[in-house]
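Notes follow the structure.
Lettering follows sequence order; numbering is per chain, from 1. Only heavy atoms go into these numbers, but all of them, side chains included; no hydrogens, no water, no symmetry mates.
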Amino acid sequence: MPLVIYNTRTRRKEPFQPLEPGVVRLYVCGITAYDACHVGHARSAVVFDLIVRYFCWQGYRVRYVRNFTDVDDKIILRSRAENVPSSVIAERYIQEYREDMAALGVLTPEHEPTVSGHMRDIIAMIEVLLKKGYAYQANGDVYFSVEKFPRYGELSGRQLDEMLSGARVEANEAKANPLDFALWKGAKPGEPTWESPWGAGRPGWHIECSAMSHAYLGAHFDIHGGGKDLLFPHHENEVAQSQAASGQPFVNFWVHNGFVNIQHEKMSKSLGNFLTVRSLLERYHPEVIRLFLISTHYRSPVDYTEEAMATAKKNLDYFYTLLQRLDAAAAAAPAASTAPGGAGERQAAAGEEGESVLRRKFGGAMDNDFNSAAALAALFEASTTLNARLDRGELEGSAAAAAELREVGGVLGIMQRQPLEYLRWQPALGGARVTEEWVAAQLERRNAARRARDYAEADRIRDELQARGIIVEDSKDGTQWRRSG
RNA sequence: GGCGGCAUAGCCAAGUGGUAAGGCAGAGGUCUGCAAAACCUCCACCCCCGGUUCAAAUCCGGGUGCCGCCUCCA
C-alpha cells in the first residue's frame, strides 16, 4: 500500500508522489527566536522528525529545511526590554532551541536558514514581485496586493470578500486593501535595518519562508509543514508570494500539525500554563516525552496531563523491560546455536526479508498519513508476542527480535538507549537521590536475608528501596532493579 | 459573523461500509517465599434523530456539545 498524506490544500488524503523519484523536499516553518521553546514547538519538531525518519526508513533521501525567524517584532520587543541587540536575543534562543531539540533526539535538518542570512534572496524576491506588478510601495513600505493574485485564499479556503467583512482586519492607511500584507517594512527608530532598493528597513514576516524555501528547495517542492495556526495568514501568503514570483506551482503537499493543550486548556502565557521543553526534561526522560507526543495522530490536538505522561512512561518502561529480556535471552542463546528450521531461524529469515508482522503492520499504519498511534499498537502487539515467547523459554531469535524492535522504535525515536541506562535513569527533579552503589549494597543485604530465609528483613529492605523510588524484581536469574521515576 | 475540525469503554486513543486496534486504570487467574515483572481471561449497542444501503462508528441531512483559525502564536 502506498503512502497517503492528508493534504491541507485539498482537504483529502492523497497518495504521495515525490517530484523527483527517491527524493523528498520538505520545508517546515521553525520558530521565532524570542523566548524559550515550549511543548508545542516540541510537538511540531517531533512530528516532522517522525515524518523525516519514516521517509528515510522507506529509503528516501530527504532534503529537509527548517528555518529560524531571527528578525521579528517580538524579538525587537524583547531586545528593548533587556537592552541588548535583537541579534543577541535571537542567538540565545536559537541556541536553546538546538539544545532542546538535541535532547529530544530530533534530527537536525539539512539546512537551518535564518532571515538575517538571506536578506539578498528576500530582497530579490520582492523586486520580482514589484516588477511583475504584484506588489507596490507606500510610505517606505512594500506591500503584496492580494487582489492581484486571483487564487488568494485557496489554501485556507477563504474568500477575499468574506475576509473583508470580518471584523478584525486592521486599519492601515498605507494599504490599498486591508488584507494586503507587508513584504518590506521601512525603518523605524531603534529597529535593526538592512539596506534595500526601497531604503533601509526589514522584511515582513511571510516573505522569508518563500525566499528561503526557494533558495534551498527550488520554486516547486514536495511538502511544506508547520503548525495548524500558520495556515492563515502565513502559509496563504507564502503561496501567493511564491507562485506570483515564480509563475510555477509552489508546494504539492501541505502538512499541518495539531496543537498541544495543557490540562484541557490552550497553552498561553496569560493563563500561566506555558510549559517549556526544559521544564519537561527535568522531570521526564526525553523518550517519554516523544512517546507521549506520538501517541496521538499528528493532526489531532493532544492534551498534556500528568496522567498522560505517567502512561507514556509506563509504556516505555514496558518496551525497555522487553528489550532487556531479549538482550539477556540473546546472550544466553547465541544465534549460532539456533536449531535448523526452528522458530528462531524462521523469524530471523522473515526479518531479513522485511516481511515480519511487525514491519508490515508498522509500515501499514505509517503509510496511512503517518498514523503513529496505530503504528504504536503494532509495537505493543509484537511485544506481547515476544514476552509470551520468552515466558515459554523460547529464546531463539531474540537477537533478531531485539534488533527489529530497535529499528522500528528508531523510526519513532524511542528504544534507542541501553535498557538499563533507561530503566535506571533519574530525572533532575523529583525522586530520592540514591546512588547505584547504595542500591547495590542494599540489595546485597537483602539477598543475604533471603538466603537466610529472613523474609521479614528482606521485605523491609525492599520497602525501604521502594520508598526511594527503587523497584526490586526477583527472578530465577537473580535480582534486578530499576527506578520508578 | 466567516471558515474548518472533533464527538468511540472510567481515562487516553486507532478505525480507509462488512459487523469495534492498542494503551492506562479495574476484576479474576498463572508464576513467585511474598511482591514486582511478564503472560492468560474479562471489561463498548461508537453523542442524538432521520436517510442511503443486503450491510454504517464509517456515507448523506438535521440537531446538540466541545475545539481551532480569521490578530502574534508550533
Send over the distance from A:Tyr6 OH to B:G4 P, rounded to a whole Å. 10 Å
Given atom CZ of A:Arg392 and atom C1' of B:U30, what is their separation to the nearest angstrom? 14 Å
Name the pairing partner of B:A27, where a pair is Watson-Crick or G-U wobble with both distances under 3.5 Å, or state none. B:U41
What is the pairing partner of B:C66, taking Watson-Crick or G-U wobble pairs with both distances under 3.5 Å in any strand? B:G5
Can the positive tip of A:Arg66 be found less than 6.0 Å from the middle of the six-membered ring of A:Phe48, inside 45° of the ring normal? no
From CG of A:Asn67 over to P of B:C73, roughly how many Å is that when rounded to an integer? 11 Å
Tell which nucleotide pairs with B:A20, taking only Watson-Crick or G-U wobble pairs whose two distances are both under 3.5 angstrom. none
Below 30° counts as parallel, above 60° as perpendicular, anything between as tilted: where do the rings of A:His285 and A:Tyr422 land? perpendicular
For atom CD of A:Glu473, is the number of surrounding heavy atoms from other residues, nucleotides or ligands below 6.0 Å larger than 12? yes
Does a side-chain N or O from A:Lys314 land closer than 4.0 Å to OP1 or OP2 of B:A25, or not? yes
Need one value for A:Arg43: base, sugar-phosphate or nothing, where a base atom within 4.0 Å counts as base even if backbone is also close, heavy atoms only. nothing
Nearest-angstrom distance, P atom, B:C69 to B:G63: 25 Å
Hydrogens and angles aside, do A:Glu91 and A:Gln95 bring a side-chain donor and acceptor to less than 3.5 Å of each other? no
Report yes if some heavy atom in the side chain of A:Phe144 is under 4.5 Å from a heavy atom in the side chain of A:Ile207; otherwise report no. no
Could you tell me whether the side chain of A:Arg446 reaches within less than 4.5 Å of the side chain of A:Glu464, counting heavy atoms only? no
Does the structure show a Watson-Crick or G-U wobble partner for B:U58, both distances under 3.5 Å? Name it, or say none. none
Kindly say if A:Trp205 contacts the phosphate of B:C73, meaning a side-chain N or O under 4.0 Å from OP1 or OP2. yes
Considering heavy-atom distances to RNA chain B, does A:Gln466 or A:Thr32 have its closest nucleotide positioned more toward the 5' end? A:Gln466
With rounding to the closest Å, how many angstrom separate the P atoms on B:U8 and B:U16? 15 Å
What is the distance, rounded to the nearest whole Å, between atom NE2 of A:His256 and atom P of B:C73? 13 Å
Examine the base of B:A74 for any acceptor or donor lying under 3.5 Å from a partner atom in the side chain of A:His38, and report the outcome as yes or no. yes
Less than 6.0 Å separating the ring centroids of A:Trp57 and A:Phe362? yes
Can you tell which of B:C69, B:A36, B:A14 lies closest to the side chain of A:Ile471? B:A36
Under a plain distance cut-off of 3.5 Å, with no hydrogens placed, do A:Ser156 and A:Arg158 share a side-chain donor-acceptor pair? yes
Could you work out the separation of B:G4 and B:C46 based on their C1' atoms and round it to a whole Å? 23 Å
Would you say the base of B:C34 and the side-chain of A:Arg462 have a donor-acceptor pair closer than 3.5 Å? yes
Donor-acceptor pair present, A:Asn371 side chain and B:G15 base, under 3.5 Å: no
A:Leu230 atom CG is separated from B:C70 atom P, nearest whole Å, by 10 Å
Distance between the P atoms of B:C59 and B:G18, in whole angstroms? 11 Å
Taking atom C1' in both B:C48 and B:U64, compute the distance separating them and give it to the nearest angstrom. 7 Å
Write down the distance between CG (A:Asn261) and C1' (B:C69), rounded to a whole number of angstrom. 14 Å
Any residue of residues 7-17 of chain A with a heavy atom less than 4.0 Å from an atom of RNA chain B: none
When the ring planes of A:Tyr27 and A:His224 are compared, do they come out parallel, tilted or perpendicular, using 30° and 60° as the limits? tilted
Any protein N or O atoms within reach of nucleotides 18-23 of chain B? Criterion: under 3.5 Å, listing atom names and distances.
unit_1	atom_1	unit_2	atom_2	d
B:A21	O2'	A:Glu381	OE2	3.0
B:G23	O3'	A:Asn315	OD1	3.2
B:G23	O2'	A:Asn315	OD1	2.6
B:G23	O2'	A:Asn315	ND2	2.8

Atom CG of A:Asp477 to atom C1' of B:A37: distance rounded to whole Å? 13 Å
What distance, rounded to whole Å, do you find between the two C1' atoms, one in B:C45 and one in B:A9? 12 Å
Quick one: look up who B:U32 pairs with, Watson-Crick or G-U, both distances under 3.5 Å, and put none if it's unpaired. none
Whole angstrom value for the distance that separates C1' of B:C72 from NZ of A:Lys185: 10 Å
Indicate, with yes or no, if the rings of A:Phe16 and A:Phe55 have centres closer together than 6.0 Å. yes
Could you tell me whether the side chain of A:Glu238 and the main chain of A:His206 form a donor-acceptor pair under 3.5 Å? no
Identify, between A:Thr385 and A:Lys476, the residue whose nearest nucleotide on RNA chain B lies closer to the 5' end. A:Lys476
Is A:Phe259 stacked against the base of B:A74, taking the criterion as centroid distance under 5.5 angstrom and interplanar angle under 30°? yes
Any side-chain donor paired with an acceptor under 3.5 Å for A:Asp70 and A:Tyr93? no
Is any side-chain nitrogen or oxygen of A:Asn387 closer than 4.0 Å to OP1 or OP2 of B:C39? yes
What does B:U52 pair with, Watson-Crick or G-U, if both distances are under 3.5 Å? none
Provide the distance between the two C1' atoms, one in B:U58 and one in B:C47, to the nearest whole Å. 15 Å
What interatomic distance, in whole Å, is found between P of B:G26 and the corresponding atom of B:A7? 27 Å
